[in-house]
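First up is the structure itself, then whatever we jot down about it.
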Amino acid sequence: DMSRLGPQLLHAIDPQRFAKPAISLAQELSPAAINTGYLALPPQHFVGREGYLTELHAKLSQTDRVAVVAGFGGVGKTSVARAYAWAHRAGYQAIWWLNAETFTNDVLGQAGELIDGLGNLPPDEQVKAAFEQVEKRGQEGRPYLLIIDNVETELTLPQGLPILGNKRLVTSRNEVWLKATALTLDSWSAEVAQAYILDQLPGSKANHAAELAKGLCFLPLAIEQACAYCRIMGKPLADYKGDFRGYAQKLEAKPELLAGALPNERPVWGTTGLMIQNLIDLNQDQALKLLSYLAFAPATGLPREFVATYLM
């Protein structure tokens with residue numbers, strides 16, 4: 001799981017800045033017990049999404065129902081959830097970041113004192129005990145915020161989440177939720193996408209930025225990855241367009257690898273694949289920087305086979 005590599009890779013790139021354990025960084029940055037080993041740092045480039053934070057906060061404030069940030073892969077669901085957690089951390093007693101695929105382990109990794117002395121119980125019983133304590137504490141003081149990332153559907157949402165006095169936030173590619181309040185994200189506007197590219201890659205031509213943004217369907221993650229690729233590889237935007245076009249053609253020749261991608265997700269699968277493909281040709285410093293970026297900005301739904309077999 002690339003999202004777990006972030007702190008270690010960043011330490012390898014810049015030991016002075018990231019010498020402290022992730023939890024120490026969390027305690028310095030936040031009055032809430034955010035475990036940055038799970039949540040990671042706030043999004044570095046968070047643009048064109050500020051209004052969503054206001055709307056999401058209103059949804060969480062007005063209801064005990066699950067709040068869902070929905071949209072196709074690469075549209076920025078995880079970034080919005082992370083940005084919300086850091087922006088509103090003072091309002092919560094603690095914030096837990098839980099990945100749907102590793103839910104039980106993530107709960108146990110963040111429960112800490114809530115499950116002291118319960119190590120002899122099965123993991124599911126420890127999770128239940130932890131949630132009972134969370135519900136009790138949430139009713140007595142500030143709420144806990146539980147963020148569950150990458151939930152497939154409403155039916156696969158983990159059961160037994162603490163409700164009374166607490167808040168639950170989910171990210172999902174699925175926009176249909178019957179017992180939740182959903183916020184569906186859109187791609188960037190053309191103006192925001194072009195401005196972002198020109199800000200990240202000074203000296204680029206406006207028409208090149210506009211063409212790339214359109215070619216990547218104004219998808220935030222795809223555009224962020226394209227800019228990161230250019231910076232790390234030292235390539236101008238005009239050259240990237242050719243690299244991406246060539247890689248996309250190879251990708252289209254292997255349709256089985258795109259079977260799980262929604263039509264709007266294909267650009268970000270392409271930008272991710274292009275970064276992975278070039279890892280084998282980079283020096284150590286470039287490779288670490290590229291991996292660190294991918295660790296904090298992985299494409300949602302990308303199958304293991306895509307990474308394992310498509311180093312073309």
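Note: hydrogens, waters and symmetry copies are ignored here, and every other heavy atom, side chains too, is used.
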Check for a donor-acceptor pair, side chain of [X] on one end and backbone N or O of [Y] on the other, with a separation under 3.5 Å.
X: Ser189; Y: Val192; answer: yes
X: Thr171; Y: Asn150; answer: yes
X: Gln110; Y: Trp97; answer: yes
X: Thr271; Y: Val268; answer: yes
X: Glu135; Y: Pro162; answer: no
X: Asn166; Y: Leu164; answer: yes
X: Lys77; Y: Ala70; answer: no
X: Glu154; Y: Leu178; answer: yes
X: Thr63; Y: Lys59; answer: no
X: Arg168; Y: Asp64; answer: yes

Treat each ILVMFWY residue as a node, draw an edge where side-chain heavy atoms are under 4.5 Å apart, and state whether [X] and [Y] are in one component.
X: Val134; Y: Ile163; value: no
X: Val66; Y: Val176; value: no
X: Leu198; Y: Leu216; value: no

Distance-minimising heavy-atom pair for [X] and [Y]:
X: Ala193; Y: Ile223; value: CB-CD1, 3.6 Å
X: Val107; Y: Ala130; value: CG1-CB, 4.5 Å
X: Phe46; Y: Ser79; value: CE1-O, 3.8 Å
X: Tyr92; Y: Arg142; value: O-NH1, 3.2 Å
X: Ala210; Y: Gln194; value: CB-OE1, 3.7 Å
X: Val47; Y: Tyr196; value: CG2-CD1, 3.9 Å

Task: Step-by-step side-chain contact (heavy atoms from CB on, under 4.5 Å) determination, Leu161 to Ile148 - done: CA-CA 10 Å; Leu161 295 173; Ile148 305 96; 3.9 Å; yes
4.5 Å side-chain heavy-atom contact, [X] and [Y]:
X: Tyr240; Y: Lys235; answer: no
X: Glu125; Y: Leu118; answer: no
X: Leu98; Y: Ile147; answer: no
X: Gln126; Y: Pro122; answer: no
X: Asp243; Y: Tyr229; answer: yes
X: Trp177; Y: Val170; answer: yes
X: Leu146; Y: Leu169; answer: no

Open item on the list: Could you walk me through whether Leu183 and Val68 satisfy the side-chain contact (heavy atoms from CB on, under 4.5 Å) test, starting with their C-alpha distance in whole Å, then the side-chain angles of each, then the deciding distance to 0.1 Å, before giving a yes or no?
Closed with: CA-CA 6 Å; Leu183 172 65; Val68 180; over 6 Å; no
Calculate, to the nearest 0.5 Å, the distance between atoms [atom1] and [atom2] belonging to [X] and [Y] respectively.
X: Leu237; Y: Gln200; atom1: CG; atom2: CD; answer: 12.0 Å
X: Leu108; Y: Phe103; atom1: CG; atom2: CZ; answer: 9.5 Å
X: Leu157; Y: Asn174; atom1: CG; atom2: CG; answer: 11.5 Å
X: His208; Y: Asp239; atom1: NE2; atom2: CG; answer: 10.0 Å
X: Tyr247; Y: Met275; atom1: OH; atom2: CE; answer: 12.0 Å

Task: Tyr84 vs Leu145, side-chain contact (heavy atoms from CB on, under 4.5 Å): CA-CA, chis, key distance, verdict - done: CA-CA 11 Å; Tyr84 176 83; Leu145 174 62; 3.9 Å; yes
- [ ] Given salt bridge (charged side-chain N to carboxylate O under 4.0 Å, His left out), test Arg137 with Glu113 step by step and report yes or no.
- [x] CA-CA 13 Å; Arg137 292 188 178 192; Glu113 62 173 316; 3.6 Å; yes
Open item on the list: Listing request: all ring pair (Phe, Tyr, Trp, His ring centres under 6.0 Å) pairs with a residue in residues 120-161, at least two apart in sequence or in separate chains.
Closed with: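 For residues 120-161, and leaving out neighbouring residues, the ring pair (Phe, Tyr, Trp, His ring centres under 6.0 Å) pairs sorted by first residue read Trp96-Tyr144.
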Open item on the list: Between Thr78 and Leu221, does the side-chain contact (heavy atoms from CB on, under 4.5 Å) criterion hold? Intermediate values first, please.
Closed with: CA-CA 10 Å; Thr78 297; Leu221 182 54; over 6 Å; no
Open item on the list: Within a 6.0 Å radius of atom CD on Glu175, are there more than 12 heavy atoms belonging to other residues, nucleotides or ligands?
Closed with: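 Yes.
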Open item on the list: Checking Glu152 against Ser172: is there a side-chain donor and acceptor pair closer than 3.5 Å?
Closed with: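 Looking only at side-chain atoms, Glu152 and Ser172 do not form any donor-acceptor pair under 3.5 Å.
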Open item on the list: Please identify which of these residues, Asn105, Thr104, Asp106, meets the side chain to side chain donor-acceptor pair (under 3.5 Å) condition with Thr102.
Closed with: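 It is Asp106, the one option of Asn105, Thr104, Asp106 that forms the side chain to side chain donor-acceptor pair (under 3.5 Å) with Thr102.
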Open item on the list: Give me each pair satisfying salt bridge (Lys or Arg N to Asp or Glu O under 4.0 Å) with a member in residues 192-214, each pair once, sequence neighbours excluded.
Closed with: Glu211-Lys241
